[in-house]
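Just so it is clear, the model here is predicted, and its values are computed rather than measured.
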Amino acid sequence: MKSVELPKAYDPKTFERRVYEMWKTEGHFQPKVDKRKRPFTIVIPPPNVTGVLHMGHALNNSLQDIQIRYRRMKGIPTLWLPGTDHAGIATQNVVERKLRKEGRERTQIGREAFIEETWKVAKEHRAFINNQLERIGASVDWSRERFTLDEGLSKAVREVFVTLYERNLVYRGEYLVNWCPSCGTALSDDEVEHEDEPGSLWHIWYELVDGPTPEWPSGRIEIATSRPETLLGDTAVAAHPNDQRYTALIGKMVRLPLTDRIIPIIADSYVDPEFGTGLVKITPAHDPNDFLVGQRHKLGSTNILNPDATLSSAVPEKYRGMKVLEARKAVLADLESQGLLKSEEKIVHAVGHCYRCHTAIEPYLSRQWFVRMKPLAEKALKAWQDGDVVFFPKKWEHTYEHWLENIRDWCISRQLWWGHRIPVFYCKDCGATMVSREDPVVCTQCGSSNIYQDEDVLDTWFSSWLWPFSTLGWPKDTADLRYFYPTSALVTAYDIIFFWVARMIMAGMEFTGQSPFKEVYIHGLIRDKQGRKMSKSLGNGIDPLEIVDEYGSDALKFTLAYNCAGGQDILLDRDSFKMGSKFANKIWNASRYILMNLEGRTYLPESEIVYNDTDRWILHRLNLAAKNVSQALESWRFNDAAQTAYSYFWDDFCDWYIEASKLSTKSSDEHEKDRATTVLLNMLDASLRLLHPFLPFVTEEIYSMLPNANGKLISARYPEWTAERDAPETEAHFVALKEIVTLVRTLRSEFQIPPEAAIPLNLVFDANFLHAKFITENIALISLLAGASSVSIGAPPPSGSISLAGNGVTAQVQVRGLLDISKLIERLSKEKEKEKAYISKLEAKLSNPAFLSSAPADIIEKEKEKLAASASKAAKLEMYIRELS
RNA sequence: GGGCGCUUGGCUCAGCUGGUCAGAGCGGCUGGUUUACACCCAGUAGGUCGGCGGUUCAAAUCCGUCAGCGCCCA
């Protein structure tokens, strides 16, 4: 073989893009459909097309990539389907901002031109996001990329809307919805974020129409409200029916301040007598609870707001056109001047905000389309109860259950232009409503051609909840749908568990009759080192691409996986990624070492290889690592998987195996050199395969230089545990060997014996020492690793030697002249004291009759063994101390 | 108000079904240019696993309770 010279330093920039291109063009991301095998499928949680991938996406996609690469290497047909969603509100906002910069307005250019403009923007952003995914190394099948506004997916949306309508699960109605004045659209309950804010509770006088009476001498009542401007829309005042204080008032009328309206005082048990004065103003058009009260009492409603949250013509002229906060000021000032403002009380209350633009939400009465959720939720609940979908970690099941059990109808119309237009047509002549799979040309009722389509579009989620099957071709019965659906898993962070998980399961159950995925893995959020969420406003975000530039994609992925434990949040700063980078560097250099020493060596066929003890040990370690990594990945324990791989490679392969192999590679026996080099290459090959899912780029790059490589690593087979390689006895022998080596190294280090000082070593075995044969056969290796000048076994203690107590073995080192005896005695004494303390603990345990009668036999046996070992060691230490004194 | 999570060495965290689990990375300290790697090697110090109580022969690991921090839902 020829030596291969790897560049001295690991520099991911020099190969990551090239390697990704290779994977992509060679088609490694595309599944090799095999009807006999069950595929592994993940659909990507589609990012917003106009968004930018942040560290949370990097985590989410890294985890998916690890799973995908692992299953692919297991020989499973594997599909990871990428795509983006059209993000109605967000994208429309982006385009409107852009237009405004150019001095144009949406309304001015018209619907068609606006949508055209938006498509342009969406396409640009989509390319940007896809590039980000590539830089992160996502092994997605680009040939199956989807967008929620694609023709096929739009067909799915229409099919679903019409079907729901036919099943009476979608309806139009006039209800209070969450209105974002800034976005100018209704939102679903889940798009509203509640935050505690300082505010005020104003106490306002409402005068009785009757004026002072014997039973109510003041002639006025006190109402408390945090939104005084809404009194302009009051249609009643209410008290609890059992509230004795106000019984006399029920049925009376009050003058609504600042208006010329007269409203009744009613009794309703919704009112909490303990809160405020026990009297509540009722504003059906602007408060969800009041809305219900209004319905119960048939109060009618006064909508005081325009869609842009300015006050409407329903209020007295002077307030019209004012913004809410402006109106609040004016109302308060006017109440004050009329002597109707009693007092102001500072409070903290929860205020809803738009999840997109953070504007305060106004409850707003309007006509919208809704999905009836209860029947859908019941099926989704059943899917979970039947075990058709399983959560990792399990604790999220409660959240899922709770949300589904308390579900409310879903407002799906959005007053936007960008999105799926609601497929409903109305007839201007007869008022008919038409919902059909094809656009009607004339009214199906009266035949009039005077029909028009609903102006609104659907919530983006109305397409996203179909994602796991619409992307595979549904409602068409495609080959992909048949083969890949239901998918294997969904990977997402817990902050959107409801959006994602619950809605998608509902849709899957309703339209495909099965859960769209079998497993749901919920990971944590990325936070900064102070535990704060990363956000633009805090400026504490870390751009994943900057990490890729600085440390490489592998460092990013490995670090994230290594830190991903359970569903815990991950606290990171830029330096955290050094961890992954250092590991990649270690892989690079270990490989570099092996590849630089191939010159003149012969790669031997497997049949000619005879393994030595060390080989059997590392094969055993690799075997175990393969098993543990697999088990960890299959139960979604990324940190365990990454740590197992890390520890195998660094602690076992590099620190011990490669060092040990130098005994052979530096020998004068040419065949032994060939043999050792061949095994090293084979072990490196297997190690790269083990590591590939976590650090795909560096492993693939190195693999391409292995003389024993076969094809591409991404499609190579993952190491699997085999019984032949299992060697627990060898493992135990090796533990003993390592102990001896470490004993000598520790002594050398603690007493600062210079490296060049020759250390003759003599080993004495206890009678029951189990590893005598192994150690005897490997003294050359011990000599190399411990840096001993010679190793003898069972020789009489050389003069000037000191003894080190091992487990069943004594290491006698001839270095007396080199070290400070009193310091050594001190050290040994300390060690002895520790041992004694441990012994008394064990003795106490073993003399406890309760322990002896209750504990299982094997535990008692183990404790006895521990005691014997410890006692023997203590005795040795005592003896050494005596000898030295 | 309801639900959930966290509190382990200086820092960030692992420790599943109770008995070699008291661990890792970073940081600290000591020593190291034997040509794979100073993004390294060898060695080493640091924790009564938040407090209290309980279950058990045995608890960081189970139960209760208190304290602090955080999240979600209303």
Side-chain angles (χ1 to χ4, degrees), chain A residues 5-6 8-11 189-190 193-194 288 350 393-399 401-403 406 408 494-495 497-498 524-525 527-533 551-552 555 559 562-573 575-597 631-632 635 637-640 642-644 646-647 650-651 654-655 658-659 662 666 680 741-756 784-787 827 838 844-856 858-860 862-863 865-866 869:
Chain A
E5 279 297 327
L6 257 61
K8 193 154 189 147
Y10 160 68
D11 183 5
D189 292 337
D190 314 288
E193 292 172 348
H194 293 275
K394 213 171 166 45
K395 65 182 178 194
W396 290 108
E397 297 184 351
H398 298 295
T399 310
E401 185 183 16
H402 184 261
W403 191 74
N406 294 281
R408 284 180 297 174
Y494 63 73
D495 54 343
I497 180 170
F498 315 123
L525 269 30
R527 297 175 182 278
D528 69 10
K529 284 272 176 176
Q530 279 84 47
R532 300 172 306 180
K533 244 181 179 173
Y551 298 113
T559 303
Y562 189 91
N563 286 291
C564 181
Q568 290 306 116
D569 289 347
I570 301 174
L571 275 58
L572 295 171
D573 59 21
D575 280 351
S576 307
F577 295 97
K578 282 185 179 161
M579 203 255 138
S581 169
K582 283 166 76 169
F583 187 44
N585 179 255
K586 186 71 181 177
I587 297 168
W588 184 264
N589 276 292
S591 309
R592 179 167 177 266
Y593 166 74
I594 293 171
L595 291 172
M596 76 182 4
N597 290 304
Q631 282 178 353
S635 49
R637 289 177 289 113
F638 290 94
N639 62 327
D640 283 347
Q643 282 174 39
T644 299
Y646 179 97
S647 160
W650 202 313
D651 302 341
C654 291
D655 287 350
I658 291 186
E659 289 312 312
K662 288 175 182 172
K666 295 193 171 163
L680 268 174
V741 170
T742 302
L743 276 175
V744 179
R745 283 176 176 175
T746 303
L747 185 82
R748 202 190 257 286
S749 178
E750 270 185 23
F751 292 91
Q752 307 206 354
I753 298 165
E756 64 276 12
L784 171 76
L785 296 175
R827 206 198 79 166
Y838 190 48
K845 204 172 194 180
L846 283 164
S847 59
N848 180 357
F851 173 71
L852 293 173
S853 61
S854 305
D858 59 319
I859 295 291
I860 296 172
K862 267 187 196 160
E863 295 299 308
E865 278 168 23
K866 279 191 225 166

In whole angstrom, give the distance that lies between atom [atom1] of [X] and atom [atom2] of [N].
{"X": "A/N589", "N": "B/U35", "atom1": "CG", "atom2": "C1'", "value": "12 Å"}
{"X": "A/I587", "N": "B/C37", "atom1": "CD1", "atom2": "P", "value": "17 Å"}
{"X": "A/I570", "N": "B/A14", "atom1": "CD1", "atom2": "C1'", "value": "12 Å"}
{"X": "A/L571", "N": "B/G70", "atom1": "CG", "atom2": "P", "value": "13 Å"}
{"X": "A/L525", "N": "B/C13", "atom1": "CG", "atom2": "P", "value": "14 Å"}
{"X": "A/I753", "N": "B/G43", "atom1": "CD1", "atom2": "P", "value": "14 Å"}
{"X": "A/R745", "N": "B/G31", "atom1": "CZ", "atom2": "C1'", "value": "14 Å"}
{"X": "A/M596", "N": "B/C37", "atom1": "CE", "atom2": "P", "value": "7 Å"}

Side chain proximity check, A/E397 to A/T399, heavy atoms < 4.5 angstrom
no
Kindly indicate whether the side chain of A/I587, heavy atoms from C-beta on, has any atom under 4.5 Å from the side chain of A/Y10.
no
Quick check on [N]: is either OP1 or OP2 less than 4.0 Å from any side-chain nitrogen or oxygen of [X]?
{"X": "A/T746", "N": "B/U44", "result": "yes"}
{"X": "A/K582", "N": "B/C40", "result": "yes"}
{"X": "A/R408", "N": "B/A74", "result": "yes"}
{"X": "A/K586", "N": "B/C41", "result": "yes"}
{"X": "A/K845", "N": "B/C57", "result": "no"}

Any idea which of [options] is nearest the [X] side chain?
{"X": "A/D655", "options": "B/G25, B/A42, B/A14", "value": "B/A42"}
{"X": "A/Y494", "options": "B/C37, B/C71, B/C57", "value": "B/C71"}
{"X": "A/Y562", "options": "B/C57, B/A42, B/G25", "value": "B/G25"}
{"X": "A/R527", "options": "B/G25, B/A36, B/C71", "value": "B/C71"}

Where does B/G46 land, syn or anti, given syn is within 90° of 0?
syn
Could you tell me how far [M] sits from [N] if I compare only their [atom1] atoms? Round to whole Å.
{"N": "B/C49", "M": "B/U61", "atom1": "P", "answer": "9 Å"}
{"N": "B/G68", "M": "B/G46", "atom1": "C1'", "answer": "25 Å"}
{"N": "B/A59", "M": "B/C21", "atom1": "C1'", "answer": "12 Å"}
{"N": "B/A42", "M": "B/G25", "atom1": "P", "answer": "11 Å"}
{"N": "B/C29", "M": "B/A45", "atom1": "C1'", "answer": "7 Å"}
{"N": "B/C57", "M": "B/C6", "atom1": "P", "answer": "28 Å"}
{"N": "B/C13", "M": "B/G19", "atom1": "C1'", "answer": "25 Å"}
{"N": "B/U33", "M": "B/C26", "atom1": "P", "answer": "22 Å"}

For [X], which contact category applies under a 4.0 Å heavy-atom criterion: base, sugar-phosphate, or nothing?
{"X": "A/A565", "value": "sugar-phosphate"}
{"X": "A/T742", "value": "sugar-phosphate"}
{"X": "A/Y646", "value": "sugar-phosphate"}
{"X": "A/K394", "value": "nothing"}
{"X": "A/P849", "value": "nothing"}

If only atom types and distance count, is the side chain of [X] paired as donor or acceptor with the main-chain N or O of [Y] below 3.5 Å?
{"X": "A/T559", "Y": "A/M579", "value": "no"}
{"X": "A/D573", "Y": "A/S576", "value": "yes"}
{"X": "A/R592", "Y": "A/A9", "value": "no"}
{"X": "A/D569", "Y": "A/G524", "value": "no"}
{"X": "A/S854", "Y": "A/F851", "value": "no"}
{"X": "A/S853", "Y": "A/P849", "value": "yes"}

Under a 4.0 Å threshold between the charged nitrogen and the carboxylate oxygen, would A/E865 count as salt-bridged to A/K862?
no
Determine whether the side chains of A/N585 and A/Y551 contain a donor N or O and an acceptor N or O closer than 3.5 Å.
no
Would you kindly check if the NZ (Lys) or CZ (Arg) of A/K662 is within the cone defined by 45 degrees around the ring axis of A/Y593 and under 6.0 Å from the six-membered ring centre?
yes
Enumerate all atom pairs, one protein N or O and one N or O from nucleotides 2-7 of chain B, separated by less than 3.5 Å.
none

Dot-bracket encoding of pairs in RNA chain B, which uses [ ] for pseudoknotted crossings and | for another strand, Watson-Crick or G-U under 3.5 angstrom:
(((((((..((((.....[...)))).(((((.......))))).....(((((..]....)))))))))))).
Which is more 5' along RNA chain B, the nucleotide nearest A/F851 or the one nearest A/W650? Just name the residue.
A/W650
With RNA chain B as reference, determine whether A/Q643 or A/E659 sits nearer its 5' end, using the nearest nucleotide of each.
A/Q643
Mind listing the closest non-hydrogen atom pair of A/I570 and A/C564 along with its distance?
CD1-CA, 3.8 Å
